[in-house]
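In listed order, ligands and their atoms are each counted from 1.
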Amino acid sequence: MYFGKSKKNSLSGRVPPNQNVTTSFPVLHHGNVPYYKDLSKWALRLFGLVEQEQFLTYDDLLAMPLKSSKNDIHCVTGWSKLDNHWEGVSTNDIVHRAALKPEVRFVILHAEEGWSTNLPLEDFIRDTSMLAYAHNGQALSPEHGYPLRAVFPHLYFWKSAKWLKGIEFTREDKPGFWEKNGYHNYGDPWKEQRLTWD
Ligand SMILES: Nc1nc2c(c(=O)[nH]1)N[C@H]1C(S)=C(S)[C@@H](COP(=O)(O)O)O[C@H]1N2
Ligand SMILES: [Mo]
């Protein structure tokens, strides 16, 4: 989407370099959209360097304190979407539930079809990070990650795993799907960390 100079200036400081603001909500992913009919069979697995591996049901998540957050998201393909309102749970609360061993330094998010992505623990537990089940007042649509997705607005949006199934806590980093396929391992949109050779 094109916008004129004046608008661009008014958004400066808010939109990372070489991103264009869109008002639509593009759908982007590798693989197929899973359609869940019965959430009673769904659970989020917390595993790796934790005191005890556990599964959180969808009801467990709904019973946790509600986290509500407004932010801007930035896709590495060049679109940014401003003022998203998300509802879900705090990644900090998840970490407390999981009871991490002290040596944990990285978090690996596992989604449907073996898709994964990785980030440092300190990024996972930022105040702005969360796991979301609703966007702009509605349950996530299947295309946008129903029933649960990650949201890390300070990183390119590919890190924000849709159809989250498992969270693994590790000592060593484990590059995920895009990170193994040429994307930057960290993905800071303000530094334009798009590809590994940037
Ligand atoms: N499970 C899974 N999550 C994923 C992806 C994917 O391929 N699989 N793609 C990522 C990418 S590249 C982007 S830009 C965002 C897009 O989210 P959206 O479709 O809700 O806009 O999801 C991210 N999460
Ligand atoms: Mo993306």
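- In this structure, H29 has its ring center under 6.0 Å from that of W163.
- In this structure, S160 is part of the shell of residues with a heavy atom less than 4.0 angstrom from ligand 1.
- At a 4.0 Å heavy-atom cut-off, ligand 1 does not touch Y156 at all.
- Atom 1 (N) of ligand 1 has its closest protein heavy atom at K162 O, 3.0 Å.
- You'll find the ring centres of F177 and H30 inside the 6.0 Å limit.
- Using a 4.0 Å cut-off to heavy atoms of F25, the atoms of ligand 1 that qualify are 20 (O), 21 (O).
- Neither the backbone nor the side chain of E113 comes within 4.0 Å of ligand 1, counting heavy atoms alone.
- For the pair T22 (side chain) and S80 (backbone), a donor-acceptor distance under 3.5 Å is absent.
- What sits closest to atom 22 (O) of ligand 1 on the protein, heavy atoms only, is R149 NH2, 3.5 Å.
- Shown in contact with V27 at under 4.0 Å from a heavy atom are these atoms of ligand 1, numbered in order with element: 19 (O).
- Checking only distances, A161 never comes within under 3.5 Å of ligand 1, N or O to N or O.
- Ligand 1 is approached by W79 to a heavy-atom distance shorter than 4.0 Å.
- No side-chain heavy atom of V33 sits less than 4.5 Å from a side-chain heavy atom of Y146.
- For L28, a nitrogen or oxygen atom sits less than 3.5 Å from a nitrogen or oxygen atom of ligand 1, counting backbone and side chain alike.
- For W158, heavy-atom contacts with ligand 1 shorter than 4.0 Å involve the backbone as well as the side chain.
- Under the 3.5 Å distance criterion, with hydrogens and angles disregarded, a donor-acceptor pair is assigned to the side chains of S68 and H85.
- The nearest protein atom to atom 21 (O) of ligand 1, hydrogens excluded, is given as P26 O, 2.6 Å; this is a heavy-atom distance.
- For ligand 1, the atoms lying closer than 4.0 Å to a non-hydrogen atom of C75 are 14 (S).
- Donor-acceptor pairing under 3.5 Å is recorded for the side chains of H154 and D123.
- Regarding atom 5 (C) of ligand 1, its nearest protein heavy-atom neighbour is W115 CZ2, 3.5 Å.
- H30 N, 2.7 Å is the protein heavy atom nearest to atom 7 (O) of ligand 1.
- Proximity of F157 to ligand 1, defined as any heavy-atom pair under 4.0 Å, is shared by backbone and side chain alike.
- L61 is listed as a side-chain neighbour of W42, based on a closest heavy-atom distance under 4.5 Å.
- Close approach to A111 involves these atoms of ligand 1, each under 4.0 Å from a residue heavy atom: 1 (N).
- The distance between the ring centers of F152 and H74 does not fall below 6.0 angstrom.
- Residue-ligand proximity: K81 is placed with every non-hydrogen atom at 4.0 Å or more from ligand 1.
- A donor and an acceptor atom, one from each side chain of N84 and D72, are nowhere located under 3.5 Å apart.
- Taking only nitrogen or oxygen atoms, main chain and side chain alike, W163 does not reach within less than 3.5 Å of ligand 1.
- T57 and D59 share no donor-acceptor pair across their side chains, judged by distance under 3.5 Å alone.
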